[in-house]
Amino acid sequence: MRLGVAGALVGGGYRKGDVELDRETGRVSAVGVAAPGSGLAVPGLIDLQVNGFAGVDFLTADVEGYRHAGAELARTGVVAYQPTLITSDPEQTVAAIAIADKARSCPGGARILGVHLEGPFLSPRRAGTHPAELLRTPDVELTKRLLAAGPVTQVTLAPELPGAPELVSFLVRRGVRVSCGHSDATAAEADAAFDRGARLVTHLFDAMRPFTHRDPGIVGAALTRDDVAVGVIADPSHLSPEAIRLAFRAARGRVVLVTDDLAAGGCPDGTYRMGAVEFTVTGGIARRGDGTLAGTTITLIEAIRNACAAGIGWETAVNAATRTPAGLLPGEDVGLLRPGDRADVLVLDDSLTVRDVLHHAGSADR
Ligand code: ZN
């Protein structure tokens, strides 16, 4: 089957020509095929930080909720994601991880890569929307319980907290990706975590010590290291165009676009919940009662378009939601669209609007 596109993003670079998929094997069989049509094929998108979508909050979702959210995510072009759980009571988090584990085996919709635990080992000084009374200091025993509950693939923590260095090393040894965030860490404290194997920063600039020239914090440490990727929320309510450009220029090939979506992702304005936190969405911007920003309602393809609107080239922007996150997911066949790769593919028009989504489990036509 041919897609009828003029070109494709293959392994991170533009390749002129059509793309051919093998329906039987669910793999890409050829790229650069002659007789090009119109539009662009890109790999299916990967969202490493999504708290909920289409009315579903992953902290309280059941398997049916996951099925609905996964189908709706797939319609927006996301083929693989990490349901992200904000700080909660440990019993609730354990139960939510177990549900995500069950939901993982449901066919159809976007694939669950594993759970991203955003908390509870975060700084009370940079808690953002996380319930401050439920934050904890790093605790290996509690972490073992959380990991035993199901497939945890990423933990966001504040590296300056007592016990954090040991917890970073423990998680890295267990093969769990460590991301630094919701943190007041100095650059030295961040560097110590990166030296121990932390490889990512959670929503760069947001909920962390601000960069200054004598106190560069996580921002300065991460942007100047080649071995650390940075998560970026390309939403105008979160980051200015200058901040988005700064991240992409300083961290070339290391920016990972995330949505940080709430249950209100892809939904109209209204009042929603994320765990114990109630928030209101007005004009697409989600805030808690006290005015604190509470994640977003954007889709990942909108984040890509927002990055382009800030001046980022389309190839770079799409790579930040495909190839770069794929580089953090060893063993996962996602994000590249080379011959032989899984046929998870989006067809976009010239304005980067999704025309069609095809993924391994079948087609989710719009
Ligand atoms: Zn956050």
Side-chain angles (χ1 to χ4, degrees), residues 47-53 57-60 81-88 92-93 96 114-136 138 146 152-161 164 176-185 190 193 198-210 217-219 222 228-239 243-244 247 255-265 272-279 281 285-298 300 303 325 328:
D47 195 346
L48 297 185
Q49 185 164 1
V50 48
N51 303 286
F53 199 73
D57 172 11
F58 293 133
L59 200 51
T60 54
Y81 70 107
Q82 285 185 152
T84 299
L85 306 180
I86 69 156
T87 300
S88 177
Q92 185 179 24
T93 306
V115 173
H116 172 183
L117 293 182
E118 194 188 10
F121 312 121
L122 308 177
S123 166
R125 302 189 62 184
R126 305 286 176 187
T129 44
H130 291 248
E133 68 280 9
L134 295 174
L135 298 178
R136 295 177 172 235
L146 296 171
V152 174
T153 41
Q154 182 170 326
V155 172
T156 291
L157 56 78
E160 74 279 16
L161 297 178
V176 178
R177 192 176 321 106
V178 176
S179 188
C180 295
H182 285 276
S183 158
D184 202 42
R199 281 292 164 267
L200 189 60
V201 169
T202 293
H203 44 59
L204 186 77
F205 301 119
D206 285 308
M208 59 186 59
R209 177 184 287 245
I218 290 183
V219 175
V228 177
V230 294
V232 164
I233 303 173
D235 175 61
S237 68
H238 279 73
L239 293 184
I244 292 171
V255 173
V256 175
L257 287 176
V258 296
T259 59
D260 199 18
D261 261 324
L262 303 161
Y272 298 86
R273 295 193 78 79
M274 173 170 58
V277 181
E278 191 174 271
F279 60 93
V281 181
I285 298 173
R287 289 186 190 277
R288 218 168 51 180
D290 63 0
T292 307
L293 276 175
T296 78
T297 61
I298 60 172
L300 199 48
L328 296 167

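For reference, positions follow the sequence shown, starting with 1. When a ligand or atom number is given, it counts from 1 through the structure's own listing order. These values consider heavy atoms only, across backbone and side chains, with no hydrogens, waters or symmetry-generated copies.
Asn51 and Asp260 are linked by a side-chain donor-acceptor pair at a separation below 3.5 angstrom, with hydrogens and angles left out of the test.
Side-chain atoms of Arg288 come within 3.5 Å of backbone atoms of Gly128 as a donor-acceptor pair (strictly under, hydrogens ignored). Looking at Asp57, its side chain never comes within 3.5 Å of a backbone N or O of Leu262 through a donor-acceptor pair. With hydrogens and angles ignored, the 3.5 Å screen pairs no side-chain donor or acceptor of Thr87 with any backbone N or O of Pro131.
A search for side-chain hydrogen bond (donor to acceptor under 3.5 Å, both in side chains) contacts involving Thr153 returns Gln82, not counting sequence neighbours.
Ring orientation note: the planes of His182 and His203 are nearly perpendicular, at an angle over 60° on the 30°/60° scale.
Sorted by chain and number, the protein atoms of type N, O or S within less than 2.8 Å of the Zn ion (ligand 1) are Glu118 OE2, His182 NE2, His203 NE2.
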